[in-house]
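See below for the structure under consideration.
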Amino acid sequence: MTVQMPDVRVDASAAERTDEGLLARLRAGGDARVVVVSGDALALATDRDALELVPVGAAPAGATWAFLGRAEDGNAVLLAAVPAGAEAPSGTRWGAFRDVGARLAPGATDLAVSAVALARWHVAAPFCPACGALTRFETAGWSRRCSGCGREHFPRTDPAVIVAVSRADDEALLLGANAAWGGRMYSCFAGFVEAGETAEQAVHRELAEEAGIRVRDVRYVASQAWPYPRSLMLGFHATVVDAGEAREDGEEIVALRWFSREEVARGLRGEGDVALPGGVSVAHRLIRAWHDRAASAS
């Protein structure tokens, strides 16, 4: 019997991860429920976008397992990561997190991010990057130990900045169309923090590279774990020094556009002539925060 994920938080219960027999006991018991992930797709209800928790025995064969924590009722929540293309558990369907995340309940969204990020790491990193030997998972699926050199490896998280840039009068927002989106969507500017950089230095470098602009008043807003590919998105607002300098790089960013608040409002309602980021992303939150600033100031 599957269970639709209620809107509750799952406690990571990290202290339990050091119990070597934890996963075996939980899989043998009858109370644990499982988040099943294939690639970036989650097992969902067949009739709506709700995360579906399945019994241990309903998870597809050949899964890699991990302990995600405990629900408010004390029952364990496990991850079963299966190869891409696997058949969804009975009574469920696959749904990519990028597509459905904004429509999940908040507690389910947090759980889904952790599940997808951890599952993608297990699938992508079975071998030791130091010596190439096969690794085995430890700490209830939250680390891997090399069978050759003995090194311990942990899920990789890469810091990245994402920035909403406003005009000096705060009446327009600069957004860019990424080449990967075919020009159909405009969003904030983003890039990974390079070795030796602070997050603020990355903001200045990325905006100079992608949009040809200088910025001031760089202000941190919020962060978001994002499993594409394994990022911690650090969200900022900034103010352009000279709006006339803006120019797309022509490679990653194929078009730039200044949006008024009314244009942003239409885009957030899905009524604009171009698409804006979906509600699950921190880009959406940055854009909405800029749009809502006028209302809060009045």
Check whether any side-chain N or O of [X] sits under 3.5 Å from a backbone N or O of [Y] as a donor-acceptor pair, and report yes or no.
X	Y	answer
Trp142	Phe67	yes
Arg151	Cys149	no
Arg145	Gly150	yes
Ser114	Leu111	no
Ser38	Pro83	yes
His237	Val221	no
Thr139	Arg17	no
Glu52	Thr92	no
Tyr228	Arg98	yes
His153	Arg144	no

Considering all heavy atoms, the nearest [X]-[Y] contact:
X	Y	result
Ala108	Leu51	O-CD2, 4.0 Å
Ser260	Glu263	N-OE1, 2.8 Å
Met185	Ala275	CG-O, 3.1 Å
Phe236	Ala199	CZ-CB, 3.9 Å
Pro60	Val36	CD-CG1, 3.8 Å
Pro155	Leu118	CG-CD1, 3.8 Å

Applying salt bridge (Lys or Arg N to Asp or Glu O under 4.0 Å) to Asp73 and not counting sequence neighbours gives none
Once rounded to the nearest 0.5 Å, what's the spacing between atom [atom1] of [X] and atom [atom2] of [Y]?
X	Y	atom1	atom2	result
Leu23	Phe137	CG	CZ	5.5 Å
Arg214	Thr239	CZ	OG1	13.5 Å
Cys188	Arg285	SG	CZ	11.5 Å
Leu276	Arg288	CG	CZ	10.0 Å
Asp217	Ser166	CG	OG	8.5 Å

Are [X] and [Y] close enough that some pair of their side-chain heavy atoms sits under 4.5 Å apart?
X	Y	result
Leu174	Val240	no
Val116	Leu42	yes
Leu234	Ser223	yes
Pro227	Asp40	no
Asn75	Arg33	no
Pro89	Trp94	yes
Trp226	Val280	yes
Asn178	Ser187	no

For residues [X] and [Y]: do they belong to one hydrophobic cluster (side chain heavy atoms under 4.5 Å, members Ile, Leu, Val, Met, Phe, Trp, Tyr)?
X	Y	result
Val35	Leu44	yes
Leu79	Val113	yes
Val215	Leu175	no
Leu286	Ile253	no
Ile162	Phe97	yes

Practice item. Dump the intermediate steps for side chain to side chain contact (heavy atoms under 4.5 Å, CB included) on Gln201 and His204, then the final yes or no. Key: CA-CA 5 Å; Gln201 289 170 334; His204 289 284; 5.8 Å; no
| said: Could you check whether atom CD of Glu20 has more than 12 heavy atoms from other residues, nucleotides or ligands sitting under 6.0 Å from it? | reply: no
Under 6.0 Å from the CD atom of Glu251, do we count more than 12 heavy atoms belonging to anything else shown?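 It does not: Glu251 CD has 12 such atoms or fewer within range.
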Is [X] salt-bridged to [Y], going by a charged N under 4.0 Å from an acidic O?
X	Y	value
Asp158	Arg230	yes
Arg93	Asp49	yes
Arg261	Asp170	yes
Arg205	Glu209	yes

ring-ring contact (aromatic ring centres under 6.0 Å, His included) pairs touching residues 159-195, sequence neighbours excluded, are Tyr186-Phe259
Could you check His284 against Leu268 for side chain to side chain contact (heavy atoms under 4.5 Å, CB included), going step by step and ending with a plain yes or no? CA-CA 8 Å; His284 179 97; Leu268 291 173; 3.6 Å; yes
- [ ] Check step by step if side chain to side chain contact (heavy atoms under 4.5 Å, CB included) holds for Thr135 and Cys146.
- [x] CA-CA 4 Å; Thr135 61; Cys146 178; 4.2 Å; yes
As a quick check of understanding, evaluate side chain to side chain contact (heavy atoms under 4.5 Å, CB included) for Val274 and Arg257, giving each step before the final call.
CA-CA 11 Å; Val274 296; Arg257 178 171 163 182; 4.0 Å; yes
Point to revise | Under 4.5 Å side-chain linkage, directly or through intermediates, the cluster mates of Phe127 | key: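 Members other than Phe127 - counting any ILVMFWY side chain reachable under 4.5 Å - are Leu134.
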